[in-house]
Amino acid sequence: QVQLVESGGGLVPPGGSLRLSCKGSRRIFANNVMGWYRQAPGKQRELVATITDGENTNYEDTVKGRFTISRDNAKNTVHLQMNSLKPEDTAVYYCNVMPPWEAYWGQGTQVTVSS
């Protein structure tokens, strides 16, 4: 059973922007910290950004100032605005609660930054 559905990925040149979206059920979003994670080829999945139910945010150091996480609790959706993208941002991006719950992992959305 799919719990979270990510979308918005694609191929962009360095310096470009993308806006990712993740939609789930109210049960997942209610009162939970939501996070965006990514997994690059040959690397472990890593946490990129988090947002609390009260909209306090935190970011991994390499994306600070470039990425912005936001959430719409009424729509059970979390977004990741990514600007000034770099080739090293290339990865499959996933959303999940934080800490992650195994059953909630979706298919992710591929982000490729290349000229």
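Since the model is a prediction, treat every value here as computed from it, not as a measurement.
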With sequence neighbours excluded, tell me which residues meet side-chain contact (heavy atoms from CB on, under 4.5 Å) with Q107.
-> none
Excluding sequence neighbours, so at least two apart, what forms side-chain hydrogen bond (donor to acceptor under 3.5 Å, both in side chains) with S7?
-> none
Among pairs that include at least one residue of residues 35-84, which meet disulfide (SG to SG under 2.5 Å), considering only residues two or more places apart or in two chains?
-> none
Would you check if S25 and N76 make a side-chain contact, meaning some heavy-atom pair closer than 4.5 Å?
-> no
Between V78 and F29, which heavy-atom pair has the shortest distance, and what is it?
-> N-CE2, 3.8 Å
Return all side-chain donor-acceptor pairs below 3.5 angstrom for residues 14-22, not counting sequence neighbours, or 'none' if the list is empty.
from: S17; atom 1: OG; to: N83; atom 2: OD1; distance (Å): 3.0
from: S21; atom 1: OG; to: H79; atom 2: ND1; distance (Å): 2.9

Quick one: ring-ring contact (aromatic ring centres under 6.0 Å, His included) pairs with a partner in residues 33-67, sequence neighbours left out?
-> Y37-W105
So, the side chain of T109 versus the backbone of Y93: is there a donor-acceptor pair under 3.5 Å, distance only?
-> no
Sequence-distant partners of D61, side-chain hydrogen bond (donor to acceptor under 3.5 Å, both in side chains), two or more places apart = K64
What residues form a side-chain hydrogen bond (donor to acceptor under 3.5 Å, both in side chains) with D89, not counting sequence neighbours?
-> R38, R66
Would you check if the side chain of N32 reaches a backbone N or O of M34 as a donor-acceptor pair within less than 3.5 Å?
-> no
Please identify each residue that fulfils side-chain contact (heavy atoms from CB on, under 4.5 Å) with K43, with sequence neighbours left out.
-> A40
Is there side-chain contact between Q110 and T90, with heavy atoms separated by less than 4.5 Å?
-> yes
Restricting to pairs with a member in residues 48-58, which pass side chain to side chain donor-acceptor pair (under 3.5 Å), not counting sequence neighbours?
-> D53-N73
Hey, what do you get for SG (C95) to CD1 (I51), rounding to the nearest 0.5 Å?
-> 12.5 Å
Say whether, by atom type as modelled, one donor and one acceptor occur between the side chain of E6 and the main chain of G108 under 3.5 angstrom.
-> yes
Are L80 and V12 linked, directly or through other ILVMFWY residues, by side chains that come within less than 4.5 angstrom of each other?
-> yes
State, yes or no, whether a side-chain contact exists between Q39 and Y94 at a heavy-atom distance under 4.5 Å.
-> yes
What about V48 and Y104, same hydrophobic cluster or not, with Ile/Leu/Val/Met/Phe/Trp/Tyr joined at side-chain heavy-atom distances under 4.5 Å?
-> yes
Can you hop from L47 to L4 via hydrophobic side chains spaced under 4.5 Å?
-> no
Is I28 linked to M98 within one hydrophobic cluster, defined over Ile, Leu, Val, Met, Phe, Trp and Tyr using a side-chain heavy-atom separation of less than 4.5 Å?
-> no
